[in-house]
Amino acid sequence: TNNDGIQAVNKEFRDMDKPTDVLSFPNCEFDTPGEFSQFRDEDVYFDCFNPETGNFVLGDIMISRDKMNAQAEEYGHSQQREFAFLVAHSMFHLCGYDHMVEQEAKVMEQKQEAVLSALGITRE
């Protein structure tokens, strides 16, 4: 989406009337970040599974193309790198990770960097 689109959603769901770069909407709550074993029982966690396919659904991601492009320029790297970072960041949120306290932020940052490095997407 663009800044206007993400701002409207940010206001509606987070009561923040400003654009942001990415929003994550988790479909399931994790007892422990990144630990999927709790979801083995589809009957208990039926909201986490697509009823037509039976596939596990993490949630939804919304990215502002305007913010993504501006941040790529601001940080001096490619749009591909910024997009990949925002997707990785959001995916970790969908898997129960957060960055509200320093220790959690460190864990999430390390995981994001590991994923981007494994994909060969580095800061240019």
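Each residue takes its place number in the sequence, starting with 1. Because only heavy atoms are used, hydrogens play no part in the values below, and waters and symmetry mates are left out as well, while side chains stay in.
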Subject >> Inter-residue atom distance Asn2.CG - Asn69.CG, 0.5 Å rounding >> reply: 11.5 Å

Subject >> Glu102 CD: over 12 foreign heavy atoms closer than 6.0 Å >> reply: no

**OP:** Show your reasoning for whether side chain to side chain contact (heavy atoms under 4.5 Å, CB included) applies to Lys11 and Lys18.
**Re:** CA-CA 7 Å; Lys11 182 177 182 187; Lys18 62 181 184 177; over 6 Å; no

Original post:
How about His93 and Met108: do any of their side-chain heavy atoms sit closer than 4.5 Å?
Top reply: yes

**OP:** Please confirm whether the backbone N or O of Gln7 pairs with a side-chain atom of Asp17, one donor and one acceptor, at under 3.5 Å?
**Re:** no

Original post:
For the hydrophobic clusters of this structure (ILVMFWY residues joined by side-chain heavy atoms under 4.5 Å, transitively), does one cluster hold both Phe36 and Val57?
Top reply: no

Original post:
So do the side chains of Glu82 and His77 get within less than 4.5 Å of each other, counting heavy atoms only?
Top reply: yes

**OP:** For Gln112 and Phe85, work out which heavy atoms get closest and say how close.
**Re:** NE2-CE1, 3.2 Å

Original post:
Any idea which heavy atoms bring Pro33 and Gly96 closest together, and the distance?
Top reply: CG-O, 3.4 Å

Original post:
Can you name the nearest heavy-atom pair linking Tyr45 to Gln38, along with the distance?
Top reply: CE1-O, 2.5 Å

Original post:
Which ILVMFWY residues are connected to Phe13, directly or by a chain of links, through side-chain heavy atoms under 4.5 Å apart?
Top reply: Ile6, Val9, Leu23, Phe25, Met62

Original post:
Which atom names give the shortest non-hydrogen contact between Gln71 and Leu86, and what distance separates them?
Top reply: NE2-CD2, 4.3 Å

**OP:** Check the pair Ser64 / Asp21 against side chain to side chain donor-acceptor pair (under 3.5 Å), numbers first and verdict last.
**Re:** CA-CA 5 Å; Ser64 167; Asp21 52 3; over 6 Å; no

Subject >> Met100-Phe92 co-clustered via ILVMFWY side chain contacts under 4.5 Å >> reply: no

Subject >> Separation of Phe39 CZ from Glu29 CD (nearest 0.5 Å) >> reply: 8.5 Å

Original post:
So do the side chains of Val87 and Ile63 get within less than 4.5 Å of each other, counting heavy atoms only?
Top reply: yes

Original post:
So do the side chains of Asn10 and Met16 get within less than 4.5 Å of each other, counting heavy atoms only?
Top reply: yes

**OP:** Count the heavy atoms belonging to other residues, nucleotides or ligands that lie under 6.0 Å from CG of Asn50, then report whether that count exceeds 12.
**Re:** yes

Subject >> Distance (rounded to the nearest 0.5 Å) between Ile121 CD1 and Ser78 OG >> reply: 8.0 Å

Subject >> Residue pair Cys95 / Leu58, side-chain heavy-atom distance below 4.5 Å >> reply: yes

Subject >> Short side-chain to backbone donor-acceptor contact, Asp66 and Asn3, under 3.5 Å >> reply: yes

Subject >> Euclidean distance, Cys48 SG relative to Phe30 CZ, rounded to 0.5 Å >> reply: 7.5 Å

Subject >> Gly54 to Phe49 - nearest heavy-atom pair and separation >> reply: O-CD2, 3.3 Å

Original post:
Are any side-chain N or O atoms of Glu35 and backbone N or O atoms of Ser37, one a donor and one an acceptor, separated by less than 3.5 Å?
Top reply: yes

Original post:
Does a side-chain N-to-carboxylate-O contact under 4.0 Å join Arg81 and Glu113?
Top reply: yes

Original post:
Measuring from Met68:CE to Gln80:CD, what's the distance to the nearest 0.5 Å?
Top reply: 10.5 Å

Subject >> Gap separating the CE atom of Met91 from the OH atom of Tyr97, nearest 0.5 angstrom >> reply: 12.0 Å

**OP:** Could you walk me through whether His89 and Val22 pass the side chain to side chain contact (heavy atoms under 4.5 Å, CB included) test, one step at a time?
**Re:** CA-CA 9 Å; His89 181 86; Val22 63; 4.3 Å; yes

Subject >> Min side-chain heavy-atom separation Asn27-Leu94 under 4.5 Å >> reply: no

